Asks: 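Take this structure first; my questions come after.
What you see below is based on every heavy atom in this structure, not just the backbone, and it leaves out hydrogens, waters and symmetry mates. The structure displayed is predicted, hence computed values, not measured ones.
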Amino acid sequence: MVKSEICEKKITVDVVVAGLKEIQKYCLEASEKELTALAKRFEVEKIHSLKAVLTIIPDEIVRIQGKLQALTQRECVISLENFDEEMCEE
């Protein structure tokens with residue numbers, strides 16, 4: 001297993017302890033260094049972008065909803081040509 005050079009992106013939970021009253025939105029984007037490390041880790045040619053948009057919803061329990069978006073470059077197993085692939089997951 002390759003040791004990752006990825007810096008962790010952290011969202012502190014102190015807002016939850018303090019009694020989060022409003023919906024909070026966070027947008028996290030990977031840096032160029034992180035994208036390079038992730039491409040190596042997942043064995044793809046290149047990751048152009050990686051972004052997570054998170055919504056923290058306070059209620060009796062705290063819910064987190066999010067969307068992960070990525071644009072990668074991969075190699076076709078038949079033609080060996082590179083192609084871009086867009087991914088979007090809730």
Side-chain angles (χ1 to χ4, degrees):
M1 184 171 181
V2 177
K3 179 157 174 63
S4 177
E5 298 177 9
I6 300 169
C7 299
E8 290 184 17
K9 303 283 186 178
K10 295 181 181 181
I11 299 173
T12 60
V13 295
D14 59 348
V15 291
V16 177
V17 174
L20 184 66
K21 305 282 189 251
E22 298 177 0
I23 293 175
Q24 300 285 320
K25 289 197 177 235
Y26 293 90
C27 181
L28 307 173
E29 291 190 62
S31 69
E32 286 298 320
K33 183 177 178 181
E34 292 166 329
L35 293 172
T36 300
L38 285 167
K40 184 176 179 179
R41 179 178 175 187
F42 294 117
E43 300 176 346
V44 296
E45 294 296 313
K46 184 174 184 171
I47 300 177
H48 298 289
S49 64
L50 178 63
K51 178 179 175 180
V53 179
L54 305 174
T55 304
I56 300 176
I57 305 161
D59 205 342
E60 290 179 14
I61 60 170
V62 175
R63 293 182 296 135
I64 300 176
Q65 296 176 335
K67 181 186 273 188
L68 182 66
Q69 298 170 304
L71 180 60
T72 64
Q73 183 180 79
R74 301 180 59 193
E75 183 179 77
C76 177
V77 295
I78 296 170
S79 70
L80 302 179
E81 292 183 21
N82 289 337
F83 65 96
D84 287 343
E85 180 178 37
E86 191 172 352
M87 294 178 244
C88 186
E89 294 291 330
E90 293 283 329

Asks: Taking the side chain as every heavy atom from C-beta outward, state whether C27 and K51 have any pair of such atoms under 4.5 Å apart.
Replies: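 A side-chain contact under 4.5 Å exists here.
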Asks: Using side-chain heavy atoms (C-beta onward) and a distance below 4.5 Å, is L50 in contact with L38?
Replies: yes
Asks: Drop me the distance from E75's CD to N82's CG, to the nearest 0.5 angstrom.
Replies: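 If we round to the nearest 0.5 Å, E75:CD and N82:CG are 6.0 Å apart.
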Asks: Taking only Lys NZ, Arg NE, NH1 and NH2, and the carboxylate oxygens of Asp or Glu, determine whether E45 and R74 approach each other closer than 4.0 Å.
Replies: no
Asks: Flag the pair V53 / Y26 as yes when at least one side-chain heavy-atom distance between them is below 4.5 Å, and no otherwise.
Replies: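 No - every pair of side-chain heavy atoms lies 4.5 Å or more apart.
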Asks: Give the C-alpha distance, both sets of side-chain angles, the deciding distance and a yes or no for side chain to side chain contact (heavy atoms under 4.5 Å, CB included) between L35 and H48.
Replies: CA-CA 7 Å; L35 293 172; H48 298 289; over 6 Å; no
Asks: Within the 4.5 Å heavy-atom criterion, are L71 and I47 side-chain neighbours or not?
Replies: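 No. Closest side-chain heavy atoms not under 4.5 Å.
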Asks: Of all heavy-atom pairs between Q69 and C88, which one has the smallest distance, and what is that distance?
Replies: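 Shortest heavy-atom separation between Q69 and C88 comes out as CG-SG, 3.9 Å.
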Asks: Show, in sequence, the C-alpha distance, side-chain angles and deciding distance for S49 and E29, and conclude whether the side chain to side chain contact (heavy atoms under 4.5 Å, CB included) test is met.
Replies: CA-CA 8 Å; S49 64; E29 291 190 62; 6.0 Å; no
Asks: Less than 4.5 Å apart, any side-chain heavy atom of D84 and any of T72?
Replies: no
Asks: Taking the side chain as everything from C-beta on, heavy atoms only, tell me whether Q65 gets closer than 4.5 Å to R63.
Replies: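 When only atoms from C-beta onward are counted, R63 and Q65 do touch, with a gap below 4.5 Å.
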Asks: For the pair L28 and L54, evaluate side chain to side chain contact (heavy atoms under 4.5 Å, CB included) and give the outcome as yes or no after the intermediate values.
Replies: CA-CA 8 Å; L28 307 173; L54 305 174; 4.2 Å; yes
